[in-house]
Amino acid sequence: MNVFKSIMIAFSIYSRIPMPTFEWGDADYRHSISFLPLIGTVIGVLVGIAAIFEDLPAFVLMVIFSLIPLMVTGGFHLDGFMDVCDAKSSFSEKEKSLEIMKDPHIGAFAVIGLLKLALIWAGALYLVVYGWKTGRHMGGVYSYAVSFMTVRALCGLISIILPKAKSDGMLVREAGDAAIKDKMILGAELIIAGAAWAYVDWMPAICCGTGLFVFSTYYYLMCKKRFGGVTGDTAGYYVVMSELVVVVILAVTGTASWM
């Protein structure tokens, strides 16, 4: 494995951060998913830097903290989320659902799903920021920062382990030939993220970890039933929904600590 090359490919695929240009072969994709959590690390660091401006109004900080992952990734995972929303809402058979996800057009259910996501995200993250600014939940924003690496490490492992819905496609190129060392890299990244999260605030780390485990179980069962396995679009759905699960749990646990 050419580590530096794999890292550059990972950043080129999963982020909008400029990387050196070079020719890619099919084999070059194989280990890129192992370094997906590094994009989450960059997002977390930027959130931590933005937290320096804690004197800004809570609403403004909420907008900044929301824009950081969107600007770093370019909305890469939102595309998969919206495709899955369309496919799920069609209640079609597996083959038809996979065709819907491949359709480049945006359906009504995708727009509705995105609006619901935005409203829940904004409301929950505002509560997290407000609790942090008022000193009632000091670890909320930093737990939010660490979660991006955690979610991507989980996504990488799940994408490698679970059966694929198709024999081709982007996810097969990225994770289809993944070896034990890729699982070890992702496992190590998950442990590092979990340790950092526990150091920041152990109670939200436990609550969010439990929530992510429950959602991951649902994700596996949903993909198996609706699509026959995972795809690149479902991986995007997993990242977006897992991040939402984390923000909602942080909002709930933070609010509960005020009372």
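For the single chain, residues carry numbers from 1 onward in sequence order.
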So, the side chain of [X] versus the backbone of [Y]: is there a donor-acceptor pair under 3.5 Å, distance only?
{"X": "Tyr14", "Y": "Pro37", "value": "no"}
{"X": "Asp86", "Y": "Gly107", "value": "yes"}
{"X": "Arg226", "Y": "Lys88", "value": "yes"}
{"X": "Lys133", "Y": "Leu56", "value": "yes"}
{"X": "Lys164", "Y": "Leu162", "value": "yes"}

Closest contact, heavy atoms only, [X] versus [Y]:
{"X": "Ser143", "Y": "Leu250", "value": "CB-CD2, 3.7 Å"}
{"X": "Ala58", "Y": "Tyr126", "value": "CB-CE1, 3.7 Å"}
{"X": "Pro69", "Y": "Tyr144", "value": "CG-OH, 4.0 Å"}
{"X": "Cys207", "Y": "Thr253", "value": "SG-CG2, 3.9 Å"}
{"X": "Ala145", "Y": "Val47", "value": "CB-CG1, 3.9 Å"}
{"X": "Leu186", "Y": "Gly156", "value": "CD1-C, 3.5 Å"}

If I take atom [atom1] from residue [X] and atom [atom2] from residue [Y], how far apart are they, to the nearest 0.5 angstrom?
{"X": "Leu154", "Y": "Met149", "atom1": "CG", "atom2": "CE", "answer": "11.0 Å"}
{"X": "Met222", "Y": "Met241", "atom1": "CE", "atom2": "CE", "answer": "8.5 Å"}
{"X": "Ile161", "Y": "Lys183", "atom1": "CD1", "atom2": "NZ", "answer": "6.0 Å"}
{"X": "Ile43", "Y": "Leu38", "atom1": "CD1", "atom2": "CG", "answer": "11.5 Å"}
{"X": "Ser34", "Y": "Lys181", "atom1": "OG", "atom2": "NZ", "answer": "9.0 Å"}
{"X": "Ile185", "Y": "Leu36", "atom1": "CD1", "atom2": "CG", "answer": "12.5 Å"}

Check against side-chain contact (heavy atoms from CB on, under 4.5 Å), Trp132 and Glu54: CA-CA 9 Å; Trp132 171 68; Glu54 57 184 308; 3.4 Å; yes
According to a 4.5 Å side-chain heavy-atom criterion applied to Ile, Leu, Val, Met, Phe, Trp and Tyr, with indirect links allowed, do [X] and [Y] form part of one hydrophobic cluster?
{"X": "Phe148", "Y": "Ile120", "answer": "yes"}
{"X": "Ile64", "Y": "Val72", "answer": "yes"}
{"X": "Tyr142", "Y": "Trp202", "answer": "no"}

For [X], I'd like to know if atom [atom1] has over 12 heavy atoms of other residues, nucleotides or ligands within 6.0 Å.
{"X": "Met71", "atom1": "CE", "result": "no"}
{"X": "Phe215", "atom1": "CZ", "result": "yes"}
{"X": "Leu70", "atom1": "CG", "result": "yes"}

Check against side-chain hydrogen bond (donor to acceptor under 3.5 Å, both in side chains), Ser147 and Trp197: CA-CA 8 Å; Ser147 70; Trp197 203 339; over 6 Å; no
Flag side-chain contact, heavy atom, 4.5 Å: Met184 against Glu189: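 No - every pair of side-chain heavy atoms lies 4.5 Å or more apart.
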Validation row: Leu125, Ser66 side chains within 4.5 angstrom (heavy atoms):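 The answer is yes, as the side chains (C-beta and beyond) meet within the 4.5 Å cut-off.
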Trace of the side-chain contact (heavy atoms from CB on, under 4.5 Å) decision for Lys224 with Tyr220: CA-CA 6 Å; Lys224 181 180 179 181; Tyr220 163 67; 3.7 Å; yes
Derivation and outcome, side-chain hydrogen bond (donor to acceptor under 3.5 Å, both in side chains), residues Tyr238 and Ser159: CA-CA 10 Å; Tyr238 179 86; Ser159 297; over 6 Å; no
Residue pair Ser242 / Tyr219, side-chain donor-acceptor N/O under 3.5 Å: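 Absent: no donor and acceptor within the cut-off.
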